[in-house]
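I have placed the structure first, in the form of structure tokens, so that the comments after it can refer back to it.
Just so it is clear, the model here is predicted, and its values are computed rather than measured.
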2 protein chains.
Amino acid sequence: MTQTSWDPRRLTAVAVELPEGVTPPGTRGRILRAALRLFAEYGFHGASIRDIAREVGINSATLYAHYPAKEHVLAELIRLGHEELRRRMVEAAGAAGDDPAEQLAALVRAQVLVHTDYPLLALVANHELHALSPESAAPALALREEARQLLLAVLERGATAGAFDVADVPLTGIAIGSLGMRVANWFGPDQPYTREQVADAFVGFALRLVGSPLPRG
Amino acid sequence: MTQTSWDPRRLTAVAVELPEGVTPPGTRGRILRAALRLFAEYGFHGASIRDIAREVGINSATLYAHYPAKEHVLAELIRLGHEELRRRMVEAAGAAGDDPAEQLAALVRAQVLVHTDYPLLALVANHELHALSPESAAPALALREEARQLLLAVLERGATAGAFDVADVPLTGIAIGSLGMRVANWFGPDQPYTREQVADAFVGFALRLVGSPLPRG
DNA sequence: CTTTTCCAACCGATCGATCGGTAGCCACCA
DNA sequence: TGGTGGCTACCGATCGATCGGTTGGAAAAG
């Protein structure tokens with residue numbers, strides 16, 4: 001309840017986490033983690049390969065035994081971030097029932113939890129995308145669009161069925177997406193909320209935004 | 001309704017605007033505009049002083065006749081962005097009546113319009129803050145906190161008066177602030193909304209988030 | 001009024017430092 | 001043995017900033 005805005009000095013207090021099972025083991029994975037922390041704090045261009053190597057404890061030339069170029073490290077992180085988002089949202093959509101409100105809640109919860117669980121990955125995936133070439137960025141953009149379409153489809157369905165009172169589906173989708181995205185900028189261990197509390201609250205916000213009669217969480 | 005997510009390739013389609021009356025005239029101002037465009041597209045570290053100088057049409061050494069260091073150019077942009085936000089929000093708060101809902105609407109409208117009017121400035125001010133030293137960043141952070149407190153005070157007042165149905169004021173404040181902030185990432189001339197339409201819609205969203213009985217805009 | 005001085009803005013050249021990446025070599029392990 | 005991961009040394013390019021010099025306009029001096 002004190003400082004909840006973006007403050008890069010907090011970065012060292014946020015765990016450098018990557019999704020399990022999809023992160024490469026050994027040095028390759030350690031490079032990703034080091035890059036994640038440095039890219040999140042200083043940006044792609046502000047973090048040098050020497051910085052990354054030093055943090056991993058290897059020589060900078062060794063990076064090239066694992067990744068063909070600096071850009072590939074970033075592209076990998078961005079891919080991981082977007083795949084985790086898409087995976088969780090597809091999973092949530094599949095597990096939810098037919099009720100549009102329930103589907104929306106499931107999607108929003110999934111989105112928010114990706115951002116609480118992997119805040120640095122979300123920050124890098126969202127803020128450093130511009131450093132990639134169009135070809136490198138395309139896969140991630142496609143995944144992002146897929147996640148977005150999941151949300152829009154539910155909003156459309158809910159509005160058509162009369163469960164949602166929505167004047168403009170795309171704009172409402174943007175608003176709901178914005179809520180989840182910004183979580184990565186402020187959520188952390190020094191905040192007085194657990195991840196579940198944040199997800200509950202944000203599901204409540206989303207339901208309010210669509211005018212669903214469900215009460216706040 | 002097509003592409004509404006962050007896409008750096010769209011940057012050249014967004015006008016490079018700085019607030020009137022506070023932007024220095026002549027070369028100094030042209031440097032700020034050039035830096036604004038380049039920092040927004042490539043980030044502070046991704047844009048060199050040679051890039052900036054080239055865009056202005058001067059020699060890179062000349063930049064140092066106007067600004068003592070590269071960081072100062074960024075600091076100036078970030079200061080301008082935060083001052084405009086604070087100015088507009090203070091003005092909106094002063095002009096609004098006593099009704100908490102009316103005050104909230106005024107604040108949200110002001111915030112959203114800063115982001116529609118100066119999207120690049122908002123992007124740089126929000127995303128490149130990390131490139132500043134703590135001393136350089138402090139003034140902007142203070143202004144940001146001031147704007148935030150304006151919003152929280154209204155939420156608190158509305159909740160206390162029973163006009164708002166809010167479970168958690170700081171969290172609701174974050175959510176409302178998030179909505180406005182992200183506008184700079186997607187709003188532009190290729191979107192099918194005017195700035196007023198966006199502001200109206202977002203005021204409606206904010207009122208819903210606080211459970212105010214006012215209908216959607 | 002004319003001349004001189006001053007100063008801000010500007011220049012090309014250059015600085016030391018750092019950048020991402022390469023080449024060649026070595027050690028280890030299956 | 002061959003492949004992988006690691007190293008030192010090095011490359012050309014670029015970085016932010018400095019240097020010494022020039023220019024033009026304004027102000028001061030005579």
Side-chain angles (χ1 to χ4, degrees), chain A residues 8 18 23-79 124 128-137, chain B residues 8 23-79 124 127-137:
Chain A
L18 285 170
T23 305
T27 303
R28 194 174 300 248
R30 284 164 46 223
I31 290 169
L32 282 185
R33 279 191 195 85
L36 174 61
R37 192 187 83 72
L38 292 164
F39 289 163
E41 181 155 5
Y42 302 106
F44 177 69
H45 291 298
S48 74
I49 59 159
R50 286 168 179 80
D51 294 332
I52 298 167
R54 190 177 306 118
E55 180 133 342
V56 178
I58 57 174
N59 187 282
S60 64
T62 308
L63 289 180
Y64 296 89
H66 301 274
Y67 295 92
K70 185 184 181 186
E71 180 178 320
H72 284 75
V73 180
L74 176 64
E76 180 79 355
L77 288 170
I78 286 173
R79 184 182 65 80
V124 170
E128 301 300 321
L129 194 57
H130 65 82
L132 293 186
S133 64
E135 303 77 61
S136 298
Chain B
T23 305
T27 303
R28 194 173 300 247
R30 284 164 44 223
I31 290 168
L32 283 185
R33 278 190 196 85
L36 175 60
R37 191 186 82 73
L38 293 164
F39 290 162
E41 181 154 8
Y42 303 106
F44 176 72
H45 292 297
S48 73
I49 60 157
R50 287 168 179 81
D51 294 331
I52 298 167
R54 189 178 305 117
E55 178 134 341
V56 177
I58 56 174
N59 186 282
S60 64
T62 308
L63 289 180
Y64 296 90
H66 300 272
Y67 295 94
K70 185 184 179 187
E71 179 179 318
H72 284 74
V73 180
L74 177 63
E76 181 78 354
L77 287 171
I78 286 172
R79 184 182 66 80
V124 169
H127 293 172
E128 300 301 321
L129 194 56
H130 66 83
L132 292 186
S133 64
E135 304 77 60
S136 298

### Query
What salt bridge (charged side-chain N to carboxylate O under 4.0 Å, His left out) pairs are there with at least one residue in residues 57-76 of chain A, not counting sequence neighbours?
A:Glu76-A:Arg79
### Message
Within the 4.5 Å heavy-atom criterion, are A:Ile52 and A:Phe39 side-chain neighbours or not?
### Response
yes
For nucleotides 24-27 of chain C, which of its nitrogen or oxygen atoms have a protein nitrogen or oxygen under 3.5 Å away, and what is each distance?
none

### Query
Tell me, which pairs form a side chain to side chain donor-acceptor pair (under 3.5 Å) where one or both residues lie in residues 56-69 of chain A, sequence neighbours left out?
none
### Task
For A:Ile58, answer base if it contacts any base atom (sugar-phosphate contacts may also be present), sugar-phosphate if it contacts only those atoms, and nothing otherwise; contact means non-hydrogen atoms under 4.0 Å.
sugar-phosphate
### Task
Scan residues 44-58 of chain A for pairs that pass salt bridge (charged side-chain N to carboxylate O under 4.0 Å, His left out), counting only residues two or more places apart or in two chains.
A:Arg37-A:Glu55, A:Asp51-A:Arg54
### Task
To the nearest 0.5 angstrom, please state how far the CD1 atom of A:Ile49 sits from the CG atom of A:Leu38.
12.5 Å
Using a cut-off of under 3.5 Å, enumerate the N/O to N/O pairs linking the protein to nucleotides 21-23 of chain C.
| unit_1 | atom_1 | unit_2 | atom_2 | d |
| --- | --- | --- | --- | --- |
| C:dG21 | OP2 | A:Tyr64 | OH | 2.9 |
| C:dG21 | OP2 | A:Lys70 | N | 2.8 |

### B:His66 side-chain N/O to C:dC10 phosphate OP1/OP2 under 4.0 Å
yes
### Message
With a strict under 4.0 Å distance from non-hydrogen atoms of chain A, what nucleotide opens and what nucleotide closes the contacted stretch of DNA chain D, reading 5' to 3'?
### Response
D:dG5 to D:dT8
### Message
So, OP1 or OP2 of C:dA9: does either fall under 4.0 Å of a side-chain N or O from B:Thr62?
### Response
no
### Query
Under a 4.0 Å heavy-atom cut-off, which of residues 25-33 of chain B touch DNA chain C?
B:Thr27
